[in-house]
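All values derive from a computational prediction rather than experimental measurement.
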Amino acid sequence: QVQLVESGGGLVQAGGSLRLSCAASGRTFSRYVMGWFRQAPGTEREFVARITGTGTSTYYTDSVKGRFTISRDNAKNMVNLQLNSLRPADTAVYYCAAGPVDTRAGDRYDYWGQGPQVNVSS
């Protein structure tokens, strides 16, 4: 069992930055692929970024490439998402997730955080 507790989020102007953090419980953190997903009102949840267990590989959805950076610290059981050059279209609830498979498919992730809100004003 893995519990994920997120922090960060908030309100920022377009062009600004935020950092989301996700703390995981358990001693098997490094075995999990960690992903970030987001969901805006009236839309489906979408994949944002993921990082493999060792942290050697990262993947991003096209709309955030070059602006967002995912990282992890297995010694601290933490995964972070740095959001730079934010746009109003980035406004959403952001979810941290853990799963055993290196995939962007949300239904393959077993554990989810509570989802901090990110609001980007124009």
Side-chain angles (χ1 to χ4, degrees):
Q1 191 79 1
V2 176
Q3 291 185 323
L4 303 174
V5 179
E6 295 148 339
S7 60
L11 175 63
V12 65
Q13 288 188 329
S17 298
L18 284 173
R19 184 177 180 86
L20 304 180
S21 295
C22 177
S25 65
R27 293 179 288 180
T28 59
F29 177 70
S30 63
R31 298 181 185 177
Y32 290 95
V33 175
M34 298 300 298
W36 286 93
F37 295 77
R38 65 186 180 186
Q39 186 169 21
T43 69
E44 294 185 354
R45 182 182 63 199
E46 68 167 339
F47 165 78
V48 175
R50 73 183 190 271
I51 186 168
T52 53
T54 58
T56 53
S57 297
T58 58
Y59 305 90
Y60 300 90
T61 193
D62 286 345
S63 64
V64 308
K65 284 180 181 176
R67 301 189 298 121
F68 292 9
T69 302
I70 188 170
S71 62
R72 69 189 295 161
D73 185 337
N74 286 344
K76 297 181 179 179
N77 281 17
M78 293 285 294
V79 61
N80 301 303
L81 186 67
Q82 179 68 38
L83 295 71
N84 296 331
S85 302
L86 282 161
R87 306 166 179 168
D90 295 318
T91 294
V93 177
Y94 283 71
Y95 298 94
C96 169
V101 180
D102 186 10
T103 177
R104 62 186 294 148
D107 60 359
R108 302 300 302 275
Y109 287 76
D110 298 325
Y111 305 102
W112 293 82
Q114 78 280 8
Q117 176 74 45
V118 171
N119 288 305
V120 184
S121 62
S122 57

Could you tabulate the donor-acceptor pairs under 3.5 Å formed by side-chain atoms of residues 10-22, not counting sequence neighbours?
{"unit_1": "Ser17", "atom_1": "OG", "unit_2": "Asn84", "atom_2": "OD1", "d": "2.9"}
{"unit_1": "Arg19", "atom_1": "NH1", "unit_2": "Gln82", "atom_2": "OE1", "d": "3.3"}
{"unit_1": "Ser21", "atom_1": "OG", "unit_2": "Asn80", "atom_2": "OD1", "d": "2.8"}

If you look only at distance, which donor and acceptor atoms sit under 3.5 Å apart when one is on a side chain in residues 106-113 and the other is two or more places apart or in another chain?
{"unit_1": "Tyr109", "atom_1": "OH", "unit_2": "Thr103", "atom_2": "O", "d": "2.5"}
{"unit_1": "Trp112", "atom_1": "NE1", "unit_2": "Tyr109", "atom_2": "O", "d": "3.3"}

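Linking Ile, Leu, Val, Met, Phe, Trp and Tyr residues whenever their side-chain heavy atoms come within less than 4.5 Å places Val64 and Leu86 in a single cluster. Val79 and Val33 sit in two unconnected hydrophobic clusters of ILVMFWY residues. Membership requires side-chain heavy atoms under 4.5 Å apart, directly or through other members.
Note that NZ of Lys76 and CZ of Phe29 are 12.5 Å apart. Values are rounded to the nearest 0.5 Å. Once rounded to the nearest 0.5 Å, the distance linking CD of Gln1 with OG1 of Thr28 reads 10.5 Å. Between the CZ atom in Arg104 and the CD atom in Glu46 there is a gap of 8.5 Å [rounded to 0.5 Å]. Atom OG1 of Thr58 is separated from atom NZ of Lys65 by 10.0 Å, given to the nearest 0.5 angstrom. Interatomic distance, CG of Asp102 versus CZ of Arg50, reported as 4.5 Å (0.5 Å rounding). To the nearest 0.5 Å, the span separating CE on Met34 from OG1 on Thr52 amounts to 12.0 Å.
Gln114 and Val5 get closest at one heavy-atom pair: OE1-CA, 3.9 Å. Heavy-atom minimum distance, Val2 versus Ala24: CG1-CB, 4.2 Å. When all heavy atoms of Gln117 and Ala92 are compared, the pair lying nearest together is NE2-O, 3.3 Å.
Among pairs with a residue in residues 46-80, those fulfilling ring pair (Phe, Tyr, Trp, His ring centres under 6.0 Å) read Phe37-Phe47, at least two apart in sequence or across chains. For residues 83-99, every residue pair satisfying the salt bridge (charged side-chain N to carboxylate O under 4.0 Å, His left out) rule, not counting sequence neighbours, is listed here: Arg38-Asp90, Arg67-Asp90.
Legend: residues meeting side-chain contact (heavy atoms from CB on, under 4.5 Å) with Thr43, ordered by chain and number and at least two apart, are Gln39, Ala40. Contacts of Asp73 classified as salt bridge (Lys or Arg N to Asp or Glu O under 4.0 Å), with partners at least two apart in sequence or in another chain: none.
At distances below 3.5 Å, at least one donor-acceptor pair connects side-chain atoms of Asn74 with backbone N or O atoms of Gly53.
Between Leu4 and Tyr95, the closest side-chain pair of non-hydrogen atoms is not below 4.5 Å.
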